[in-house]
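Please read the structure below before turning to the comments.
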Amino acid sequence: MDRRGLLAATAATGLALATVSFAHAEDRAEDRAGPGPDGPHRTRTVRGTLPVGSPDYVYLPVEVPRGVAEFAVSYTYDRPPVPPGAQGNALDIGLFDERGTALGGRGFRGWSGGARTSFFVRADAATPGYLPGPVRPGTWHIALAPYTVAPEGLPYEVTVTLRFGEPGRTPAPVYPPERAKGRGRAWYRGDCHVHSIHSDGRRTPAEVAAAARAAGLEFINSSEHNTTSAHAAWEGLWGDDLLILTGEEITTRNGHVLAVGTDPGVFVDWRYRARENRFGRYAHQVRRAGGLVVPAHPHATCIGCNWKFGLADADAVEVWNGPWTPDDEIALAEWDNALVAAVRNPDGDGPGRWLPAMGNSDAHREPDRLGHPQTVVLAESLSRRAILAGIRAGRSYLAESAALTLSFGATDGRGGHAGIGERLRAAADAPVTVRLEVSGAAADCTVRLVTDQGVLLTAPLSAAGTGVVEWRTTPAHAAYVRAEVRHAPAVPGLPGAFAALTNPVFLDAAAGAAG
C-alpha cells in the first residue's frame with residue numbers, strides 16, 4: 001500500500017511529514033501477507049517532495065506497534081540534470097527510535113548519510129552505521145537530510161518494512177582496550193581520521209586495521225560520520241602493536257570536526273549550524289568524554305566542509321588532510337598566522353593559546369592510503385591517555401609516511417633545550433641553535449625553517465633524502481621556529497607538496513633580558 005507523505009508549513013520546523021501508521025486493523029491482512037521468506041511483515045511506502053529551502057533535517061514519523069523484531073528502510077530520490085552552476089539533489093538519511101529526535105541524540109539509532117540506500121535495525125544486529133537494539137513500540141523517526149536540492153525540488157520515496165517475531169538478544173559491545181604494549185616513552189605514529197563501511201568508507205574494520213599495520217601505524221582513531229556504530233566493530237583487530245581509539249567525525253552543515261579518543265559508545269550530535277551558537281556545548285561533551293576536538297580539513301571545498309565555528313573550542317587543527325592540495329596550503333597559512341597569538345601568551349593558556357597541527361589521511365577506500373599523512377607523537381606510552389596528551393601538547397610532527405623520520409629542537413648553549421611543542425626561555429639576544437635531522441625523505445626534498453617573520457632558511461637534502469640543518473638565531477629575531485620538508489614544486493613559483501611538517505619550538509625572551 002502506498003501513502004503519500006504530506007508536507008505542511010509549521011512555525012517550529014518549517015516542514016512536517018504525515019505520520020506513517022501501521023496501526024489500522026483493516027490494513028492488517030494486506031500488509032501481513034503470510035509468513036514468506038522473511039516471516040510476517042508489513043510495509044508502507046511514502047512519497048513526497050522536499051522544496052528548495054527545506055530545513056537541514058526533516059523527520060518522517062513512523063508508528064511502531066508491539067511485536068516488531070526488525071525495522072527496515074529503503075529509499076530513493078530523483079536526480080534530475082541541472083543547469084551549470086546549479087545544485088543537484090542529494091538526500092542523506094538516518095534513524096531515531098521512540099526516545100525522540102531532540103538534540104543530544106538520546107533516540108539516535110544510526111546514520112548512513114548518502115552512503116547506502118537501505119538499512120535495518122533489530123536487537124541482535126544492524127546495518128553498519130546503525131546500532132543494534134530492541135525495536136520498542138512508539139513513534140520512531142526517519143531523518144531525511146536534504147544536503148542539496150535542485151531548483152525543481154527533491155522528490156523522494158521511502159519504504160518502511162516492519163518484521164514481526166520474537167526479539168533477539170542484544171550482545172554486549174566489546175570495545176578496544178585503552179592501552180597497547182608500546183615501547184614506553186617514544187615517538188608513535190598514528191592516523192586519527194579514517195573511515196570504514198560504518199559510514200561512507202569501503203573498507204571493513206579488518207581491512208582498515210590491516211592497512212594501518214601495513215603503513216607502519218601504531219594507533220588509529222575510528223572516526224565515522226555522525227555515528228558510533230564502529231566502536232564495537234574492532235574486536236580481535238587490536239593488539240600489542242596497534243592501539244585503536246574511538247571517536248566520531250561530527251559532520252555538520254558548517255564544517256566537520258573530529259572527536260578523537262572519546263569514551264567508547266559516546267555519541268556527539270551534529271544537527272546545528274554555526275549561527276545557532278551550540279558548538280561549544282558539544283565540544284565540551286567531547287572533552288568530558290576524554291577526547292580531543294580537532295576541526296577537520298577546515299578549508300575543504302566540498303559543500304558543508306568549510307569550517308565556520310572558529311577555533312576557540314578546538315584542541316588541535318587538521319592542517320594536512322590526505323594528499324597535499326591547495327586547501328591544505330590555505331589551512332597551513334591560517335594556522336601559521338595564528339601562532340603569533342602564542343607569542344603574546346607564553347604561559348600557553350587562555351584565549352591566546354596555540355593550537356597544534358595534525359595530519360591525517362581521511363582514507364575511505366582504495367587507493368586511499370592510511371597514514372598519508374600521519375601524526376607522529378611523543379608519548380609516555382602507547383595508551384589513549386598518553387597519546388592524547390602528546391597531541392594536545394603539540395609534541396608531534398606530521399609525515400607523509402612511516403619511512404620519514406625527523407628530529408627537531410633548539411638549544412641555547414647553556415644547557416637549555418626545547419623540543420617540538422616546547423618553549424626555550426633565553427635572553428632576547430642570546431644565541432640559539434636550531435637543529436633539524438631528516439631521514440627517509442625523497443631525493444627532491446628541500447628543508448624550510450619558518451618563523452613568525454616567514455621563511456628564513458631553505459636548504460636541500462642529499463640525494464639519499466637525508467640531511468642535518470643547523471641555524472643560529474635569537475629569541476629577539478624568531479619567536480618560534482618550525483620546520484617543513486617539501487617536495488620539488490609541481491608548478492613553478494608555487495610551494496611543493498609536503499613530505500613533513502613540525503609543530504613549532506617557541507623561543508621566549510626571558511623576563512628582564514635585554515631587548
Side-chain angles (χ1 to χ4, degrees), residues 90 92-94 108 110-117 119 126-131 145 147 175-176 189-215 217 219-235 237-238 242-253 255-262 264-268 270 286 291-298 300-305 307 316 318 320-323 325 327-328 358-375:
D92 292 348
I93 197 166
F108 176 76
W111 182 257
S112 48
R116 58 185 83 247
T117 59
F119 62 85
T127 301
Y130 294 79
L131 305 179
Y147 192 61
Y175 295 129
R189 297 176 178 270
D191 189 342
C192 289
H193 192 167
V194 300
H195 293 281
S196 77
I197 59 172
H198 283 263
S199 59
D200 59 345
R202 292 293 178 267
R203 293 182 173 106
T204 65
E207 290 168 334
V208 171
R213 288 183 166 98
L217 301 180
F219 66 91
I220 58 173
N221 180 66
S222 177
S223 50
E224 309 294 357
H225 293 284
N226 297 343
T227 184
T228 59
S229 67
H231 289 190
W234 301 96
E235 187 173 4
L237 301 177
W238 58 76
L242 183 64
L243 174 71
I244 299 176
L245 306 174
T246 55
E248 182 183 338
E249 183 171 5
I250 305 161
T251 307
T252 81
R253 295 299 178 86
H256 302 185
V257 59
L258 301 174
V260 178
T262 48
V266 170
F267 165 79
V268 184
W270 72 94
V286 171
L292 302 180
V293 178
V294 184
H297 44 67
T301 56
C302 48
I303 295 172
C305 291
W307 184 249
E318 191 181 69
W320 185 357
N321 175 275
T325 56
D327 57 273
D328 293 313
M358 288 191 71
N360 300 301
S361 72
D362 200 0
H364 283 70
R365 60 188 66 83
E366 296 297 338
D368 297 352
R369 290 167 47 198
L370 263 78
H372 180 70
Q374 56 196 247
T375 301

So which atom in [X] and which in [Y] form the shortest heavy-atom distance, rounded to 0.1 Å?
| X | Y | result |
| --- | --- | --- |
| Phe119 | Gly94 | CZ-O, 4.3 Å |
| Ala211 | Leu370 | CB-CD1, 4.1 Å |
| Ile197 | Pro205 | CG1-CD, 4.3 Å |
| Gly371 | Asp191 | N-OD2, 2.9 Å |
| Ser361 | Arg369 | CB-O, 3.3 Å |
| Ala259 | Asn221 | O-ND2, 3.5 Å |

[X] vs [Y] side-chain heavy atoms within contact, under 4.5 Å:
| X | Y | answer |
| --- | --- | --- |
| Trp234 | Ile220 | yes |
| Ile250 | Val286 | yes |
| Asp92 | Trp111 | yes |
| Arg203 | Asp368 | yes |
| Tyr175 | Ile244 | no |

Rounded to the nearest 0.5 Å, what's the gap from [atom1] on [X] to [atom2] on [Y]? Could you check?
| X | Y | atom1 | atom2 | value |
| --- | --- | --- | --- | --- |
| Tyr147 | Cys302 | OH | SG | 5.5 Å |
| Glu318 | Thr375 | CD | OG1 | 8.0 Å |
| Thr262 | Phe267 | OG1 | CZ | 11.5 Å |
| Asn360 | Ser223 | CG | OG | 7.5 Å |
| Asp328 | Asn321 | CG | CG | 6.0 Å |
| Glu235 | Trp238 | CD | CH2 | 5.5 Å |

Exercise. Would you please test Arg202 and Glu207 for side chain to side chain contact (heavy atoms under 4.5 Å, CB included) and show each step?
Key: CA-CA 9 Å; Arg202 292 293 178 267; Glu207 290 168 334; over 6 Å; no
Give a yes-or-no answer on whether the side chains of [X] and [Y] include a donor-acceptor pair shorter than 3.5 Å.
| X | Y | value |
| --- | --- | --- |
| Glu248 | Thr228 | no |
| Tyr130 | Thr227 | no |
| Asp327 | His297 | no |
| His195 | Asp362 | yes |

Practice problem: Verify, without hydrogens or angle tests, whether His231 (side chain) and Gly247 (backbone) share a donor-acceptor contact under 3.5 angstrom. | Solution: yes
Quiz prompt | Any donor-acceptor N/O pair, Ser229 side chain to Gly129 backbone, under 3.5 Å | solution = yes
Quiz item: What residue among Glu249, Arg116, Glu224, His364 forms side chain to side chain donor-acceptor pair (under 3.5 Å) with Ser199?
Solution: Glu224
